[in-house]
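As structure tokens, the structure follows; a few thoughts come after it.
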Protein chains: 2
Amino acid sequence: MARSRDLDDSASRAALLDAAESLMVEHGYAAVTTRRVSKAAGVNNGLVHYYFGTMDDLFAEAFRRRSERSLDRLRHVLDDPQPLWALWEQSRDASSNAIVMEFIALANHRKAIKKEIAAYSRQHRRLQIERLTTVLEGYGVDLERWPAGALLVLVTGTARFLLLEESFGVHVAHDETVAVIEREIGALEGERRVYERRASAAS
Amino acid sequence: MARSRDLDDSASRAALLDAAESLMVEHGYAAVTTRRVSKAAGVNNGLVHYYFGTMDDLFAEAFRRRSERSLDRLRHVLDDPQPLWALWEQSRDASSNAIVMEFIALANHRKAIKKEIAAYSRQHRRLQIERLTTVLEGYGVDLERWPAGALLVLVTGTARFLLLEESFGVHVAHDETVAVIEREIGALEGERRVYERRASAAS
DNA sequence: GTCTATAGCTGGATAGAC
DNA sequence: GTCTATCCAGCTATAGAC
């Protein structure tokens, strides 16, 4: 908050963050170099250091911006009429997962990023557990036997694992895994139905 | 097989592969440069190219060597008197998982590695399913409802996800997840017992 | 097989003009 | 705020002596 509004709102700054994201998704985090990111953003390469200081700071800022948007979206996901289906679908979304995987890979070599991801993950998980507990109680699930947190980790962990393997072109036993999970979700809240698109703050 | 035995058996070559592995585990794949890996191996940096040609080939060879050993080990895991417990324990082993995660991260930027990992993953999965099917049949599990492949992906996927989060210092809801899985395994093959250490080819 | 030396490239970061 | 120019470091790979 000590940072000036002017600096945060700069179009060049935003362009650099956007370019960093899209480079990460399309060519991996290693493609995000001062020269390439500034070229992709259409600004001069000196501006990277003017706005962010170091590459570490650029990455951290890109992750923070993503996290805020993502948490906003999460707050609405479990308001879906079929929250378990919505959660599952969101977990299976490859596009939003690709950049997360890049950040995770990046974190192995940038400690500052590692801390950001850890903090975000904890917050995200806690928020999900809170909402999911309410949902499962409504379905009459025995939460002693099947705690919301455990089901959440099982489902989202498996979803991410599936996405990871799929990004390698590995699909062995994926169909039956998806079938089992969707059968169990269906047993709790019926077949997935299609609703009117909900209004959302996220773009 | 066209390669000469002499070249494959060279002590320098093996030292380079060993050094590459340990550098990956301790400092990440980015630390595996021609200079550092040769220094760690105690050999001249020119030898990297003499033995492997390019860095890509060194990584591919390191992964192949690991894979062969790993598949050998796998063939024995499900011979444990409590194969589900053994599988779960192996999946939860952080040390052998660390290097796998590095290879996965590396694969994002080295296509040759990506292919190697995909091929290995398929083979590994198929072998596991084959053995696990026999085991579950023995326990009278309804394989129509709970296919071996699905259970395998659920358990190993969750295990890897837990390890990934733990490497970031994130532990939210891990305990209850582990408890649920171990309760279900216990329901099938009882409490985990301790056996005499089995003879194993792997070091 | 092992070594040195070096070419050629790409990157992060800074200084200073405008 | 934006730009150019430049320094310095680290990397892969190769040539060639021993």
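When reading the values below, keep in mind they use all heavy atoms of this one structure, side chains included, and skip hydrogens, waters and symmetry mates. Chain letters run A, B, ... following the sequence lines, proteins first and then strands; every chain starts at 1.
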Handout entry: B:Trp88 six-ring centre to B:Arg183 NZ/CZ under 6.0 Å and within 45° of normal
Key =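 The answer is no; the distance or angle limit is not met.
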
Practice task
Kindly indicate whether a cation-pi arrangement holds for B:Arg92 with B:Trp85, taking the cut-offs as under 6.0 Å to the six-membered ring centre and within 45° of the axis.
Solution key: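 Here B:Arg92 fails the 6.0 Å and 45° test against B:Trp85.
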
Atom-to-atom span, [atom1] of [X] to [atom2] of [N] - whole angstrom:
X: B:Tyr51; N: C:dC3; atom1: OH; atom2: P; result: 10 Å
X: B:Leu16; N: C:dG1; atom1: CG; atom2: P; result: 13 Å
X: B:Phe52; N: D:dA13; atom1: CZ; atom2: C1'; result: 16 Å
X: A:Tyr50; N: D:dT4; atom1: OH; atom2: P; result: 17 Å

Practice task
Could you walk me through whether A:Ser10 and A:Tyr51 pass side-chain contact (heavy atoms from CB on, under 4.5 Å), step by step?
Solution key: CA-CA 9 Å; A:Ser10 151; A:Tyr51 282 111; 2.7 Å; yes

Completion exercise
Heavy-atom contacts, protein to nucleotides 5-18 of chain C, under 4.0 Å, summarised as B (base), S (sugar-phosphate only) or - (none) per nt, yield ------BBBB----

Practice task
Indicate the ring-plane relationship of A:Phe103 and A:Phe63, choosing parallel, tilted or perpendicular according to the 30° and 60° boundaries.
Solution key: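 The rings of A:Phe103 and A:Phe63 stand perpendicular, inter-plane angle above 60°.
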
Problem - From C:dG1, D:dT2, C:dT4, nucleotide with atom closest to B:Asn44 side chain - result: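 In terms of side-chain proximity for B:Asn44, the closest of C:dG1, D:dT2, C:dT4 is C:dT4.
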
Practice task
Step through the shown structure and confirm whether more than 12 heavy atoms of other residues, nucleotides or ligands are within 6.0 Å of NE2 on B:His124.
Solution key: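 It does: B:His124 NE2 has more than 12 such atoms within range.
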
Practice task
Answer with yes or no whether the side chains of A:Ser12 and A:Tyr50 bring together a donor and an acceptor at under 3.5 Å.
Solution key: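 There is no such pair between these side chains.
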
